[in-house]
Amino acid sequence: MTARSSEGPSDFVLGRASVGSREGGRLRVSLGAMLRDRVRRQIVFALERLVSAGSIPGSGLPRVVVEAPKQADHGDLATNWAMVAAKHVASAKGGASNPRGLAELVAGELRSDPSFERVDVAGPGFINLALSPGFLLDDLKEAASSAGLEVIEDAGHFARPTVETRPLSINVEFVSVNPNGPITIGSGRGAAYGSALCNVLTAAGHRVHREYYINDGVNSEQMRLFAESVRAIVEGRPLPENGYRGDYVSAVAEALRGGPALATTSEYQSASERLMIESQRSDLEAFGVVFDTWFSEQSLHDAGVVEQCLRDLEAKGVADDRPVRTKLNLGKGGKVDSIVREAQTGAVTDEGDAEPAAQSVSGHPPLWLRSTLFGDDMDRVLRRSDGRLTYIASDVAYHRDKFNRPPNADRLITVLGPDHHGYIGRLHAVVAANLIEKPSQSQGELSDWETELYGSASWRDACALARKASDERLEVQIFQLVRFIKDGKPAPMRKRDGNIFALIDLVNEIGRTVCPNGSQAQQNQAGRDVARFFYLMRSHDTTFDFDLDLAERQSDENPVFYVQYAHARICGVLRKAEEAVGAEAVEPAVAELHPKERVLALKVLDLPYEVQRTAEDYSVNRLATYSIDLARSFHAFYDACRVIEPGDKPTTARRLMLCRAAQASLKAALDLLGVSSPERMERASDD
RNA sequence: GCCCCGGUAGCUCAGUGGAUAGAGCAGCGGCCUUCUAAGCCGUUUGUCGGAGGUUCGAGUCCUCUCCGGGGCGCCA
């Protein structure tokens, strides 16, 4: 998050803050949503008083940013405002002003505010704040009476004061593999990431649509080969070259053998696809991933919209069948050095050998998407010379559909695996080609390569504008490779039959190991919890090692259990309190907090902030880190502070409130990750 | 060649332009008559790959560079 310098007082002063507003009769303050905003508001009030008194100028002041200091003895929260503001104040007054002096001025004002227990100026000009217990308890009360995720859904409204966000309609497409095999442990990362991302975006107030794009185009090479493999097995013939093999292929063949007779490969294709899609759906569900829409690529062809889209692109001048392909020679930083036009003399077979045009199946030249107009490094084929349409031809229609179909997505997020990295430029070109408008008048010099590629400044600018629009509306998130570690060494990703391990097998294996005496359902839950947490622990943007040895350990070192155990412990305390104290209403003691209580309270109240940031940068792993931190804070508190003290009911009431708040935050964080929050965890008393 | 990701403690990794860079694991030493010890507390560990730059301040931003992983099809 960047601190924006402001134009005037209206910005540095409250901005659009609306803390504690009511909307629809529902109190929006929850989970301390933005404890930081409440603090920020108090600081802004102090600054306003200083402005009124003429101590500081009333304009040109920077925005107040509240941050958490790394060192605990630097207080609960801090602001660097004085350091940033010093130069503005100095120039406004035409004299020197040092950050520390300015900080002292503001600190003096803040000391009269009962929200703060202590206000210190430190280092080069930080203002360190220790919050008063009453201030913290107000927020904890809200959090304690909340019910986890339900409340977090309001977090987006709180986000507004700090960052301007408006609720968007977001379509998130993830997993989207061919229906030619089970969901693999590789796709598992995308499944975990995509589903958790959707949870977070929802929590931040957006309307989210979860979508799976079924790559079932009848022209797909892989799908045809898959169908031919299944057919070969059913008909007892040898597999085609590079055909599909493995248990699941036989299983599909077996299932089809029992059904109505199939005559053609395309009948085999649609029948086996249906079976695979059903199996993928059930595997994903076992992994806690559910989609709103399963969108069939083939349905676009069937409806004729792909052909229509191609005609539209030709009319717009971004697709044509001239026998030439443009490539961009890119220099450092993606700058275009020069362009190359390659004459396309004929069709290229699957083996990559060029054939004379006369021998190509149809004799037609291919239809090109001129994606280089939008910065892609080479033009892409939409219709092959044999007349068949490519995958990106469907993508043109698919993206148009995603934008135009209700609820009319404001933004598309597409989650892709590392092998699709090269696809980003193409996708943006596809969207830009859809969005391009007629060029208007424009001026400016054209470079050599621009002259060759665009011919005119107005066309160049129209293409650049379309690409910009595409960048704003489509966000491609690439997740990186996962490496599985077993016995301390990288484990093979493939089984003996050559297929990548299935996600469902990973879930089952972990479940069985971790929960040997559990029921099928318990094992599935445990396997899912561990697998999801591990997938989400690390940034999706980094290759990471999935440590199977650690994942399958049913104990202390396993971070999943560490976090879940904290939740179970809280539930245990609350159950005990029910018996010991009952429903007796006692006002929580507003008194000196134990240091561990304070740390826990601050961590609990940090959740909405974490959710907000995660919804901004899509770094879902942050919530896994947060849940571990929160669990740690709780365990430390639990060990240091007795909660149920029959002789001290006010303190008991306060600590129970803290427990309930911690429970709400912890459960919410786990819910967002798609991991369960057990109310009890019994240690398996064995060996 | 170009693009993407990474390089932080012995290992796996967090880290929001801020103060003395943090966890977990591994190692060592303590703590259950007490709300669940799947827990807690203490202790050891750093040329943040390297070089410049931007500024009050850089692990974080920019440029260059070295090393590792991945990607560059009329496949998806």
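Residue numbers begin at 1 in each chain, while the letters A, B, ... track the order of the sequences. These numbers were taken from a predicted model, which means no experiment stands behind them.
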Paired with B/U45 by Watson-Crick or G-U wobble geometry, both distances under 3.5 Å: which nucleotide is it? none

Give me the distances for all protein-to-nucleotides 28-34 of chain B N/O pairs that come in under 3.5 Å?
| residue | atom | partner | partner atom | Å |
| --- | --- | --- | --- | --- |
| B/U34 | O2' | A/R642 | NH1 | 2.9 |
| B/U34 | O2' | A/R642 | NH2 | 3.3 |

If you assign each of A/P69 and A/W368 to its closest nucleotide in RNA chain B, which residue comes earlier from the 5' end? A/P69

Is any side-chain N of the basic residue among A/R613 and A/D617 closer than 4.0 Å to the acidic one's carboxylate O? no

Partners passing ring pair (Phe, Tyr, Trp, His ring centres under 6.0 Å) against A/F484 (at least two apart in sequence or in another chain): A/F546

For the side chain of A/H74, counting heavy atoms from C-beta on, which of B/A76, B/A19, B/C40 is nearest? B/A19

Hey, can you pull the residues of residues 620-627 of chain A with a non-hydrogen atom under 4.0 angstrom from RNA chain B? A/N621, A/T625

Taking the P atom in each of B/G1 and B/A19, what is the distance between them to the nearest angstrom? 39 Å

Mind checking who B/C40 pairs with, Watson-Crick or G-U wobble, both distances under 3.5 Å? B/G30

Residues in ring pair (Phe, Tyr, Trp, His ring centres under 6.0 Å) with A/H540, at least two apart? A/Y193

P atom, B/A14 versus B/G6: distance in rounded Å? 9 Å

Presence of A/Q71 side-chain N/O under 4.0 Å of B/A21 phosphate oxygens OP1/OP2: no

When rounded to whole Å, the OH to P distance for the pair A/Y423 and B/C75 reads 12 Å

Does A/V84 reach a base, just sugar-phosphate, or nothing at all? Heavy atoms under 4.0 Å. base

Where the side chain of A/R632 is concerned, which of B/C40, B/G18, B/A76 is the nearest nucleotide? B/C40

Would you measure the distance from the P atom in B/A76 across to the matching atom in B/A58 and give it in whole Å? 50 Å

Output a table of nitrogen or oxygen pairs between the protein and nucleotides 45-53 of chain B separated by less than 3.5 Å.
none

What nitrogen or oxygen pairs link the protein and nucleotides 3-7 of chain B at under 3.5 Å?
| residue | atom | partner | partner atom | Å |
| --- | --- | --- | --- | --- |
| B/C3 | OP1 | A/G331 | O | 3.4 |
| B/C3 | OP1 | A/G333 | N | 2.8 |
| B/C3 | OP1 | A/G334 | N | 3.3 |
| B/C3 | O2' | A/H421 | NE2 | 3.2 |
| B/C4 | O4' | A/H421 | NE2 | 2.8 |
| B/C5 | O3' | A/D541 | O | 3.3 |
| B/C5 | O2' | A/D541 | O | 2.7 |

Using whole Å, what does the distance between atom P of nucleotide B/U16 and atom CD of A/Q612 come to? 14 Å

Looking at the side chain of A/L481, which of B/A76, B/G70, B/C13 is the nearest nucleotide? B/G70

Could you pick out which residue, A/R680 or A/K596, lies toward the 5' side of RNA chain B when each is mapped onto its nearest nucleotide? A/R680

For A/F126 and B/A19, say yes or no: do the ring centres fall under 5.5 Å of each other while the ring planes differ by less than 30°? yes

Please give the distance between the C1' atoms of B/U8 and B/C2 as a whole number of Å. 29 Å

